[in-house]
Amino acid sequence: MTLAIVLAAGAPAASLPTTTPGAGLPTTTPAASLPGTTGGSLADRLAAQLRRAGAAEVRFAADLDELAALADAATGPVLVTGADLVAHTAVLRHLATSPVGPTVALVLTDPPDAGWVAVREERGQVVDAGPAERLAGEATGIFGGALRVGADDLPVLAAAARAVAAGTAPTVAGPAVDRLFAGLAGLGTLTFAHRVRLLVAHRVTDAAGLAAAAAAVAAVDEDRAELKLSVKERDDFFTTFFVSTWSPYVTKAAARIGLGPTAVTMISVAFAAAAAVLFGVGGRPALVAGAVLLYLGFVLDCVDGQLARYTRHFSAWGGWLDTMADRAKEYLVYAGLGYGATQAGFRYGWALAIAAMTLQTVRHMTDTWYGVLHDEAARRPRPAAGATGGIGGKLDAASTRVQADTGSVSYWLKRTVVFPIGERWALIAVTVALFGPLVSLIAVLTWGVLAFAYTGALRTLRARWMWVPVLDTVDATLHRDDGPLARRLPVLRPMGPLTLAVVAALGSAALLVAALLAVDGGDPGWLRWVLPVALLVLLVGGLGAGAAHNGPLDWLVPAALRAAEYLFAIGVGVVGGVPAWLVFGYVFVLTLHHYDLTARLEKRQAAPPLHPARLGWEGRSALLALAAIVGIAGIGMATLGTYLLVVFVGSVVLAWVVLPARAARATAGLVGAGGRSPG
């Protein structure tokens with residue numbers, strides 16, 4: 001955060017009165033002129049807090065036109081506050097560093113007063129803002145008088161300020177910061193809500209309110225509250241009761257010795273890798289030790305996020321690394337279990353590990369896109385008349401009621417049945433320690449399939465009711481992972497992209513089943529000549545590449561294409577007699593590539609560097625099929641997998657090292673030539 005603006009009605013801070021603290025003031029005294037608790041005005045107190053919260057520069061704006069001019073000149077995120085906010089400094093720091101989105105507004109539960117804007121939020125997004133009378137019965141809070149505006153939204157902020165100042169925009173009759181926020185919301189700016197927990201933040205209108213708010217602030221230990229806030233407000237059952245009860249102590253210790261979130265993430269990866277090795281070694285002592293390391297690795301997996309929230313060290317790199325490390329750790333554990341089960345004499349140990357990884361990746365793809373669907377639906381509220389219509393609407397209402405009933409049996413059942421990561425790691429640790437790798441893999445697959453069926457059925461019904469075409473809001477070609485061949489195929493619009501993707505997945509599944517049956521029969525070699533047909537069926541999925549992805553279930557297309565490619569690769573491996581561990585490694589590399597795409601989707605980032613060099617799902621599949629037909633399936637899979645891994649690593653280095661360094665040098669060059677630093 002480089003610039004903070006205090007929107008103080010009246011004169012700049014230098015001419016604001018500095019009444020003796022505690023002196024009585026009439027209720028009509030402007031908030032900006034209210035005395036602070038340690039001398040100076042409340043506006044001056046806010047300015048000092050903003051500097052402690054990380055602002056390099058604090059400016060006072062006497063009116064909205066002056067604020068618009070400051071916004072025009074700014075080149076980085078801007079923190080805007082009114083002059084009537086009494087809060088812990090940590091509240092402002094959390095708002096300034098919030099990772100949820102570029103533009104974030106403080107939302108409080110105080111009753112509406114003095115024309116304060118009421119807000120309605122869904123899934124953490126402000127979907128409506130206006131007078132309390134208009135939002136009666138729908139408001140979920142009030143605007144807290146402070147917001148952070150992302151750099152890309154600064155032109156909209158300036159436009160809203162000028163429109164409100166000129167009276168050309170619908171607005172409210174309240175403080176200037178409220179009128180500004182209502183104008184910004186009216187222009188459709190995507191704004192996320194920042195709620196205050198454990199800490200204190202209140203807006204005040206008179207000396208009595210100021211005294212009460214200051215007393216409430218003083219009554220809370222700010223550091224202790226921040227440590228508690230590092231734990232997610234809502235987490236899964238195992239994490240809540242078996243990790244978060246003591247992980248904050250680890251977080252505090254890590255902060256004291258100077259460990260950063262990235263270092264904790266890497267230690268967590270090391271623990272999981274060691275657990276995987278022990279699972280592969282086998283023997284009761286090794287399995288029990290591996291289970292303990294797996295649990296401790298999961299604790300550290302929680303600690304890295306808690307440490308980031310506690311120290312407010314957020315970065316795009318850290319978020320990306322956390323996503324990738326979570327999946328890499330889990331799949332390394334599957335590899336250890338698969339190897340251990342095979343070494344224990346079970347023929348299909350690696351096959352179970354491959355199945356678990358494939359299932360979990362496809363599940364994650366549906367989870368990601370369903371989350372995007374819900375977020376987009378929140379920005380497009382349905383008419384009230386259809387809010388409870390049909391089974392989808394009833395399921396949505398029932399889910400909302402259960403989620404609101406925090407701590408109830410139904411609440412925990414709903415959070416547990418979907419088989420989240422905490423429950424997966426707990427199940428693996430317990431079953432491998434008690435029974436061994438084979439039982440652990442079977443347990444993970446069984447619960448995973450049931451959870452997939454449960455969530456898939458309910459989400460399909462709810463998605464049909466919401467009818468939000470999320471793939472039309474992003475680069476569908478990128479997130480389908482289409483290559484040059486798919487882009488050149490004709491478009492078969494009548495069937496729709498989802499139907500075509502499902503046909504491709506079913507064709508790959510049929511190939512795999514036929515290959516497995518042929519292996520049991522002793523001679524799968526003849527299937528090499530079936531591969532061209534299977535490839536043609538797979539390429540049917542590419543016929544929807546150029547079609548509009550605006551159906552109610554088209555959010556499932558990426559997951560269906562992932563399933564199609566993975567099943568085809570596994571089928572080729574079986575047909576070509578490729579060692580199971582090599583098939584696992586190849587699919588693992590594919591998952592890294594696809595999780596890279598989903599991590600970028602969450603941040604609405606562009607395609608990763610070298611993305612065209614990854615050839616697309618259809619290009620990779622065609623090369624594998626060709627290698628199997630000519631009798632070098634193992635060599636082809638190893639070569640292609642190595643190539644894709646090198647491209648992935650190169651893409652990571654470019655995205656997070658080379659390109660940022662070039663941008664920094666370019667910025668330094670501009671500053672040296674007399675340009676403005678973007679801060």
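Keep in mind that the numbers below use all heavy atoms, side chains included, and drop hydrogens, waters and symmetry copies. This is a predicted model, so every value here is computed, not measured.
Separating the OG1 atom in Thr75 from the CG atom in Leu154 is a distance of 8.5 Å, to the nearest 0.5 Å. Between the CG atom of Leu229 and the CD atom of Glu222 there is a distance of 10.5 Å, given to the nearest 0.5 Å. For the atom pair CG (Asp375) and CD (Gln125), the distance works out to 5.0 Å, reported to the nearest 0.5 Å. Annotation: the span from Thr366 atom OG1 to Leu373 atom CG amounts to 11.5 Å, rounded to 0.5 Å. Taking CG from Leu227 and CG from Leu307, the interatomic distance works out to 10.0 Å, rounded to the nearest 0.5 Å. With values rounded to the nearest 0.5 angstrom, Leu478 atom CG is found 9.0 Å from Arg600 atom CZ.
Judged by distance alone, the side chain of Arg93 and the main-chain N or O of Gly54 form no donor-acceptor pair under 3.5 Å. For the pair Thr240 (side chain) and Asp236 (backbone), a donor-acceptor distance under 3.5 Å is present. Checking side-chain atoms of Gln49 against main-chain N and O of Ala87 turns up a donor-acceptor pair under 3.5 Å. Side chain of Thr368 to main chain of Met365: no donor-acceptor pair is present (N/O by atom type, distance under 3.5 Å, no hydrogens or angles). No donor-acceptor pair under 3.5 Å is formed between the side chain of Glu138 and the backbone N or O of Arg120. At least one donor-acceptor pair under 3.5 Å links the side chain of Arg134 to the backbone N or O of Ala129. Side chain of Thr103 to main chain of Gly150: a donor-acceptor pair is present (N/O by atom type, distance under 3.5 Å, no hydrogens or angles). Ser98 places no side-chain N or O within donor-acceptor distance of the main-chain N or O of Leu95, the cut-off being under 3.5 Å. Put simply, the side chain of Arg148 gets close to the backbone of Gly101: a donor and an acceptor are under 3.5 Å apart. A side-chain donor-acceptor contact under 3.5 Å links His88 to the backbone of Val217.
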* To do: Start with the C-alpha distance between His374 and Met466, add both sets of side-chain angles, then the distance that settles side chain to side chain contact (heavy atoms under 4.5 Å, CB included), and finish with yes or no.
  => CA-CA 8 Å; His374 243 302; Met466 287 186 281; 4.1 Å; yes
* Under the side chain to side chain contact (heavy atoms under 4.5 Å, CB included) criterion, do Trp555 and Val468 qualify, and how do the steps go? -> CA-CA 9 Å; Trp555 56 278; Val468 178; over 6 Å; no
* Val196 and Leu108: CA distance, side-chain angles, deciding distance, side chain to side chain contact (heavy atoms under 4.5 Å, CB included) verdict -> CA-CA 7 Å; Val196 177; Leu108 307 177; 3.9 Å; yes
* So Lys414 and Val418, side chain to side chain contact (heavy atoms under 4.5 Å, CB included) or not? Walk me through it. -> CA-CA 7 Å; Lys414 178 176 172 54; Val418 298; 5.8 Å; no
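Under the 30°/60° scheme for interplanar angles, the aromatic rings of Phe181 and Phe143 are found to lie parallel. Taking the six-membered ring where the residue is Trp, Tyr595 and Tyr331 present tilted rings, their angle falling between 30° and 60°. Using cut-offs of 30° and 60° for the angle between ring planes, the Tyr295 and Phe238 rings count as perpendicular.
In this structure the side chain of Val250 never reaches within 4.5 angstrom of the side chain of Val264, judged on heavy atoms. Using a 4.5 Å cut-off on side-chain heavy atoms (C-beta onward), Thr205 and Asp84 make no contact. Looking only at side-chain heavy atoms (C-beta outward), Gln360 and Ile421 stay at 4.5 Å or farther from each other. For the pair Val204/Leu42, a side-chain contact is recorded, criterion being any heavy-atom separation below 4.5 Å from C-beta on. Under the 4.5 Å side-chain criterion, counting only non-hydrogen atoms from C-beta, Arg424 is not in contact with Phe298. Contact annotation: the side chain of Arg179 never approaches that of Leu7 to less than 4.5 Å [non-hydrogen atoms, C-beta and beyond]. Taking 4.5 Å as the limit, some side-chain heavy atom of Leu184 sits within range of a side-chain heavy atom of Leu147. Between Val474 and Val372 the shortest side-chain heavy-atom distance does not fall below 4.5 Å.
Considering only residues two or more places apart in sequence or on other chains, Val231 meets the side-chain contact (heavy atoms from CB on, under 4.5 Å) condition with Ser244, Pro248, Gln306. With sequence neighbours excluded, no residue forms a side-chain hydrogen bond (donor to acceptor under 3.5 Å, both in side chains) with His611. Applying the salt bridge (Lys or Arg N to Asp or Glu O under 4.0 Å) rule to Asp110 yields no partners; only residues at least two apart in sequence or on another chain are considered.
Between the side chains of Asp301 and Ser268, no donor N or O sits under 3.5 Å from an acceptor N or O.
Within a 6.0 Å radius of CZ in Arg59, other residues, nucleotides and ligands contribute 12 heavy atoms or fewer. A 6.0 Å sphere centred on OH of Tyr249 holds no more than 12 heavy atoms belonging to other residues, nucleotides or ligands.
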Which atom pairs, one a donor and one an acceptor, fall under 3.5 Å between side chains of residues 312-321 and the rest of the protein, sequence neighbours left out?
unit_1, atom_1, unit_2, atom_2, d
Arg312, NE, Thr97, OG1, 2.9
Arg312, NH1, Arg309, O, 3.2
Arg312, NH2, His94, O, 3.2
Arg312, NH2, Thr97, OG1, 3.1
His313, ND1, Thr311, OG1, 3.4
Ser315, OG, Gly318, N, 2.9
Trp320, NE1, Asp596, OD1, 2.8

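Closest approach of Phe60 to Glu66, counting heavy atoms only: O-OE2, 3.1 Å. Between Cys302 and Thr239, the shortest heavy-atom distance links the atoms SG-CG2, 3.8 Å. Closest approach of Gly297 and Trp425 over heavy atoms only: C-CZ3, 4.4 Å. When all heavy atoms are compared, the tightest approach of Ala61 to Leu67 is CB-N, 3.9 Å. Asp72 approaches Ala158 most closely through the heavy-atom pair OD1-CB, 3.3 Å. Smallest separation of non-hydrogen atoms from Val117 and Asp178: N-OD2, 2.9 Å.
Residue pairs meeting the salt bridge (Lys or Arg N to Asp or Glu O under 4.0 Å) criterion with at least one member in residues 149-161: none, sequence neighbours excluded. Each salt bridge (Lys or Arg N to Asp or Glu O under 4.0 Å) pair with one or both residues in residues 191-200, not counting sequence neighbours, appears once here: Glu121-Arg195, Arg197-Glu233.
Each of Thr81, Leu50, Val78, Val177 was compared with Ile5 under the side-chain contact (heavy atoms from CB on, under 4.5 Å) criterion, and only Val78 meets it.
Under 4.0 Å is where a charged nitrogen must lie from a carboxylate oxygen, and between Lys228 and Asp221 no such pair does.
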